[in-house]
Amino acid sequence: MSIVLGLWHLTLEGGQQKTISSPAHVRITNVSLGEKIADQGRTVVKLTFEPPIKGTGSDSEDDEDENEDIPLETTVLCALTPGKIEHATIDVTLDSEAPFALSATGKNKVYLTGNYIKQMDDAEPSDSEGYSTSDDEDAYDLREVSSDVEMHPDDLDGIESNGSRFEEIEEEPAKPSKRPRESDVTREQKTGSASKKNKKLKAEGGKAVSAPSDTDATLKAEKQEKKKKDNKVEGTEKGQKDQEDQEKKEKKVGKGDKSTAKKTIAGGVVIEDVKVGTGSQAKKGNTVRMRYIGKLTNGKVFDKNTSGKPFTFHLGKGEVIKGWDEGIVGMQVGGERVLSIPANMAYGSKKQEGIPANSNLVFEVKLLEIK
């Protein structure tokens, strides 16, 4: 992850070469012809640099190499042709500790634009498989992050200091259920057994057994009716209690802020609003101030801004990775969002400090202010 420090630019006259010695790293992002075209010929912009030195011999051989001049190498950044290709977008970072020279062929003036950057150094100890052995991903919580910025009073309405997505829902302890009553099937089985027994008694000895009296039948019918009523009342009360318990749980869940389902946007970036803000919405061209935690898909934290000066950039201007330029759009002040960014919208095949090549990234971001 890199932080933009300021705008950088350089003008090259046709056929001119300039040597760059910068106090900070320089990232060149655009090369363009000027308003006036002196020649319709092709202009080639080149970069001359000193390649890395690799030790291949003994100590005596290294001593001899120190006295020899290191051969420079030259590469082509782009080729511009008036009326066809008059500007090119590139992404080249020049190290502040090494000399570089830029040159342009032909007669046309060339303008190079970019910015000074600071490379973040946030390496963490890892185990033999390259995964983090620390629990840093559990040590950072955007709920406890101070904004350190002044905000308009209207934007402060409704913003809570604690993120609802981190609020744990306490479940009510389960109450012991009542002893179940005998089912209708059990009663029918018992009734059936009693009927068979009566028939058997009637058959034994060839003597008829007198039928139950009307009073006994009435008492039995009343007892069965009472059981039915008790079961019905109990079922109604249990249903009402279950409904009330469900409403309580939903009410507890409802205490958190509204969240939306995951949505895939341009470039395959997946966004999920875990907390919807109440302030203004971020649009391309706005200056936004952010807090964030950057992770690999295995959960390893490679970068963060959770305290001190917030991370500030111009949305949609190419100052951050493409996944941020697309994923921050639409956020409201005070909102929190999770960005799942594929490698092609992050750093692609370029390896960064703490980030392997072709890595998919996950960012937890919080929008503090829009200017």
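Within the structure, the salt bridge (Lys or Arg N to Asp or Glu O under 4.0 Å) test picks out the following pairs touching residues 2-25 (sequence neighbours left out): E13-K109. Sorted by first and then second residue, the ring pair (Phe, Tyr, Trp, His ring centres under 6.0 Å) pairs with a member in residues 352-371 read F302-F363, W324-F363; sequence neighbours excluded. Note on residues 75-95: no pairs pass ring pair (Phe, Tyr, Trp, His ring centres under 6.0 Å), not counting sequence neighbours. Screening residues 31-50 for ring pair (Phe, Tyr, Trp, His ring centres under 6.0 Å) gives no qualifying pairs among residues at least two apart or on separate chains.
In terms of the side chain to side chain donor-acceptor pair (under 3.5 Å) criterion, residue partners of K284 (sequence neighbours excluded) are, by chain and number, E326. Take T74 and apply the side-chain contact (heavy atoms from CB on, under 4.5 Å) test, not counting sequence neighbours, and it matches K46, T48. Every residue meeting the side-chain contact (heavy atoms from CB on, under 4.5 Å) condition with T264, not counting sequence neighbours, appears here in chain and number order: V270. Applying the side-chain contact (heavy atoms from CB on, under 4.5 Å) criterion to P82, with sequence neighbours excluded, gives L33, I37, Q40, E86, N108. With sequence neighbours left out, D39 forms a side chain to side chain donor-acceptor pair (under 3.5 Å) with no residue at all. In this structure, the side-chain contact (heavy atoms from CB on, under 4.5 Å) partners of K350, at least two apart in sequence or on a different chain, are D91, Q352.
I321 and V4 sit in two unconnected hydrophobic clusters of ILVMFWY residues. Membership requires side-chain heavy atoms under 4.5 Å apart, directly or through other members.
Taken to the nearest 0.5 Å, the CD atom of Q332 stands 8.5 Å off from the CD1 atom of I370.
Within the hydrophobic cluster formed by Ile, Leu, Val, Met, Phe, Trp and Tyr side chains joined at under 4.5 Å, directly or through other members, V44 is accompanied by V76.
For the side-chain contact (heavy atoms from CB on, under 4.5 Å) with I90, the lone residue among L112, V31, L47 that qualifies is V31. Put simply, the residue from V45, L102, L77 that forms a side-chain contact (heavy atoms from CB on, under 4.5 Å) with V110 is V45.
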>> Test side chain to side chain donor-acceptor pair (under 3.5 Å) on Y111 and N30; report intermediate values, then the result.
In response: CA-CA 8 Å; Y111 297 84; N30 191 73; over 6 Å; no
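Counting only heavy atoms from C-beta outward, the side chains of K295 and E364 approach each other to under 4.5 Å. Two residues are said to be in side-chain contact when any heavy atoms from C-beta on lie closer than 4.5 Å; D325 and V320 meet this criterion. Side-chain contact between I328 and L339 is present, with at least one heavy-atom pair separated by less than 4.5 Å. H25 places a side-chain heavy atom less than 4.5 Å from the side chain of D95.
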